[in-house]
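Computed from a prediction, not measured in an experiment: that's the story for all the values here. As a basis for the values below, the full set of heavy atoms in this structure was taken, side chains included, without hydrogen atoms, waters or symmetry mates.
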Amino acid sequence: MERETQDLMRSAMARVSPGTPLREGIDHILSSGTGALLVIGDVQHVLVLSNGGFRIESPFTPERLFELAKMDGAIVIDAAVERILFANVFLVPDPELPTSETGMRHQAAERVSRQTDALVISISQRRDVVSLYLGGEKLILDDLEVLLAKANQALQTLQRFRARLDEVSGRLMALEFEDLVTINDVAGVIRRFEMLQRVAREVGRYILELGSEGRLLRMQAEELTLGVEEDYLMLLRDYAPDDNPRRLSTLRSRLAHLPAERLLESEAIAGALGYSAGSRVTEEHVHPRGYRLLRRIPMLPATVIGRLVDRFGSLSGIVHATETQLDDVDGVGARRAKAIVDGVRRMRREVS
């Protein structure tokens, strides 16, 4: 599924998550066993594919949706899910469009989603299954208990990945203080950042589907991912051959699109970073610029961090600088110079 379609589908899942009026209406329909076909948004193009039906033009409520679903045809709802526009509509999409469905209702749903930008929801009368169609893509909503179980399992994986990331990040910092870092060491930490963020996105999808039932999971996930994105960007600025901030988004995208199997290869990560290819490239020693370490020191603005890196050239130069030398950098001052020296000393003790 393309990234844009994925984003649209996530938005669609948020509309039907527990706690929303639309989900309440869907649950009423499921419990009655009547089934329904709901078409939401892109009304202008949907009506071109429609035949018959009744104009309703009524404010949306779960109860009205349930009552109207007792009729056979589709229900057309505005994009904001604020008004029910038509009911008992017979949809006539292009029959030549491909479909993987067998039932008439699901075939119509898939084809309408291919011909319009509408979100089409098919509620199965016999199987108690809710299917979402958008742009020809299909997503089946999980039962709440199944969804909670999957979400909790994904959250446990996220916890393990965060613990592992903290471990390898601390090991990298110890190597940084000794100036013994290789590209392979950096690739190992990048691998962990990417793995954690990929699991975090999966957890986020479950939380979105859970709606009001996912509040506790959302709080836990936010705590586990706190500061991760910023740390990751600082790591890339430390080790990318070109640390121009404008190129970081391109670099992040390149790494994010590495297939899972390629992410396990340090050479692939090194290539994505911009290092020249070679069988021994991962054994090359590299020297951090110091962005990641300086970011861990409180009350140190990004502009000041940039000036420190420009002045001393590397983490090693910053670590060995005296308070007086640090004080000479514009924007540092005696108080920040002392905080930097104390912070470096503290972090060195923590990883030793």
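Counting only residues at least two apart or on different chains, the ring pair (Phe, Tyr, Trp, His ring centres under 6.0 Å) pairs with a member in residues 167-223 are Phe193-Tyr232. The side chain to side chain donor-acceptor pair (under 3.5 Å) contacts involving residues 71-97 comprise nothing, where partners must be two or more places apart or lie in separate chains. Here ring pair (Phe, Tyr, Trp, His ring centres under 6.0 Å) pairs that include residues 282-341, with residues two or more places apart or in two chains, number zero. Within the structure, ring pair (Phe, Tyr, Trp, His ring centres under 6.0 Å) contacts touching residues 49-80 (residues at least two apart or in different chains) do not occur. The ring pair (Phe, Tyr, Trp, His ring centres under 6.0 Å) pairs that include a residue from residues 133-157 number zero, where partners must be two or more places apart or lie in different chains. Annotation: side chain to side chain donor-acceptor pair (under 3.5 Å) contacts involving residues 30-42, sequence neighbours excluded, comprise Ser32-Thr34, Asp42-His45.
Atom CG of residue Leu148 and atom CG of residue Asp143 lie 9.0 Å apart, to the nearest 0.5 angstrom. With rounding to the nearest 0.5 Å, the separation of OG in Ser249 from CG in Leu236 is 11.0 Å.
Taking 4.5 Å as the limit, every side-chain heavy atom of Asn184 sits out of range of all side-chain heavy atoms of Glu283. Contact of the Leu47 side chain with the Leu85 side chain is not registered, since no non-hydrogen atoms from C-beta on lie closer than 4.5 Å. Using a 4.5 Å heavy-atom threshold, the side chains of Glu229 and Arg252 count as touching. Within the 4.5 Å cutoff, the side chain of Val319 has heavy atoms near those of the Arg348 side chain. Using a 4.5 Å heavy-atom cutoff, the side chains of Leu273 and Arg254 are not in contact. Counting heavy atoms from C-beta outward, Ile75 and Val39 have side chains that stay 4.5 Å or more apart. The closest side-chain heavy-atom distance from Leu38 to Ile26 is below 4.5 Å. Put simply, the side chain of Ser131 reaches to within 4.5 Å of the side chain of Lys138, judged on heavy atoms.
Residues satisfying the side chain to side chain contact (heavy atoms under 4.5 Å, CB included) test with Asn51, not counting sequence neighbours, are Phe90, Val92. Taking Asp185 as the reference, Leu172, Leu175, Val181, Thr182 meet the side chain to side chain contact (heavy atoms under 4.5 Å, CB included) condition, with sequence neighbours excluded. Partners of Gln44 under the side chain to side chain donor-acceptor pair (under 3.5 Å) rule, at least two apart in sequence or in another chain, do not exist in this structure. Under the side chain to side chain contact (heavy atoms under 4.5 Å, CB included) criterion, Ser212 pairs with Pro18, Arg215, not counting sequence neighbours.
Taking both residues in full, the closest heavy atoms of Leu258 and Arg198 are given as O-NH2, 2.8 Å, listed atom of the first, atom of the second, then distance. Of all heavy-atom pairs spanning Val332 and Ala337, the tightest one is CG1-N, 3.6 Å. Residue Val81 comes nearest to Ile77 through the heavy atom pair CA-CG2, 3.8 Å, listed as atom of the first residue, atom of the second, then distance. Closest heavy-atom contact between Ala69 and Ile29: CB-CD1, 3.7 Å. Here the closest heavy-atom approach between residue Glu194 and residue Leu255 is recorded as OE2-CB, 3.6 Å. In this structure, Leu65 and Ile84 approach most closely via the heavy-atom pair N-CD1, 4.0 Å.
Through side-chain heavy atoms spaced under 4.5 Å, either directly or across other Ile, Leu, Val, Met, Phe, Trp or Tyr residues, Val146 is tied to no other residue.
Distance alone, capped at 3.5 Å, places no donor-acceptor pair between the Arg23 side chain and the Ser17 backbone. Judged by distance alone, the side chain of Ser122 and the main-chain N or O of Arg105 form no donor-acceptor pair under 3.5 Å. In terms of modelled atom types and a separation under 3.5 Å, the side chain of Arg191 and the main chain of Leu263 share a donor-acceptor contact. Counting only distance, with no hydrogens or angles, the side chain of Glu24 and the backbone of Pro62 share no donor-acceptor pair below 3.5 Å. Without hydrogens or angle criteria, Thr225 side chain to Ala221 main chain gives a donor-acceptor distance under 3.5 Å.
The environment of CD in Glu57 is crowded: more than 12 heavy-atom neighbours from other residues, nucleotides or ligands sit within 6.0 Å. Annotation: Lys338, atom NZ; neighbour count of heavy atoms from other residues, nucleotides and ligands within 6.0 Å does not exceed 12.
Between the side chains of Ser169 and Arg192, no donor-acceptor pair is found at a separation under 3.5 Å. Residues Glu110 and Thr99 have side chains that bring a donor and an acceptor to within less than 3.5 angstrom of each other. Of the N and O atoms on the side chains of Thr157 and Arg160, at least one donor lies less than 3.5 Å from an acceptor on the other residue. Asp179 and Ser316 share no donor-acceptor pair across their side chains, judged by distance under 3.5 Å alone. A donor atom on one side chain and an acceptor atom on the other are not found under 3.5 Å apart for Arg164 and Gln159. Residues Arg15 and Thr20 bring no donor and acceptor atom of their side chains to less than 3.5 Å of each other.
Here Glu223 does not pair with Arg218 in a salt bridge; the nearest charged N to carboxylate O distance is not below 4.0 Å. For the pair Arg64 and Glu67, the salt-bridge criterion is not met [side-chain N within less than 4.0 Å of a carboxylate O]. Under 4.0 Å is where a charged nitrogen must lie from a carboxylate oxygen, and between Asp342 and Arg346 no such pair does.
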Full working for salt bridge (charged side-chain N to carboxylate O under 4.0 Å, His left out) between Glu176 and Arg292: CA-CA 11 Å; Glu176 288 174 337; Arg292 191 168 67 108; 3.3 Å; yes
Please assess Val48 against Val46 for the test side chain to side chain contact (heavy atoms under 4.5 Å, CB included), listing each intermediate value before the final yes or no. CA-CA 5 Å; Val48 173; Val46 169; over 6 Å; no
Between Leu315 and Arg289, is the side chain to side chain contact (heavy atoms under 4.5 Å, CB included) condition met? List the steps. CA-CA 5 Å; Leu315 176 61; Arg289 296 182 177 93; over 6 Å; no
Could you please spell out the steps behind the side chain to side chain contact (heavy atoms under 4.5 Å, CB included) verdict for Leu147 and Leu141? CA-CA 9 Å; Leu147 190 59; Leu141 290 187; over 6 Å; no
Please test Ile121 against Leu37 for side chain to side chain contact (heavy atoms under 4.5 Å, CB included), starting from the C-alpha separation and ending with a verdict. CA-CA 6 Å; Ile121 302 174; Leu37 187 59; over 6 Å; no
Which donor-acceptor pairs under 3.5 Å do the side chains of residues 295-307 make with protein atoms, sequence neighbours left out?
{"from": "Arg295", "atom 1": "NH1", "to": "Asp231", "atom 2": "OD1", "distance (Å)": "2.7"}
{"from": "Arg307", "atom 1": "NH1", "to": "Asp330", "atom 2": "O", "distance (Å)": "3.2"}

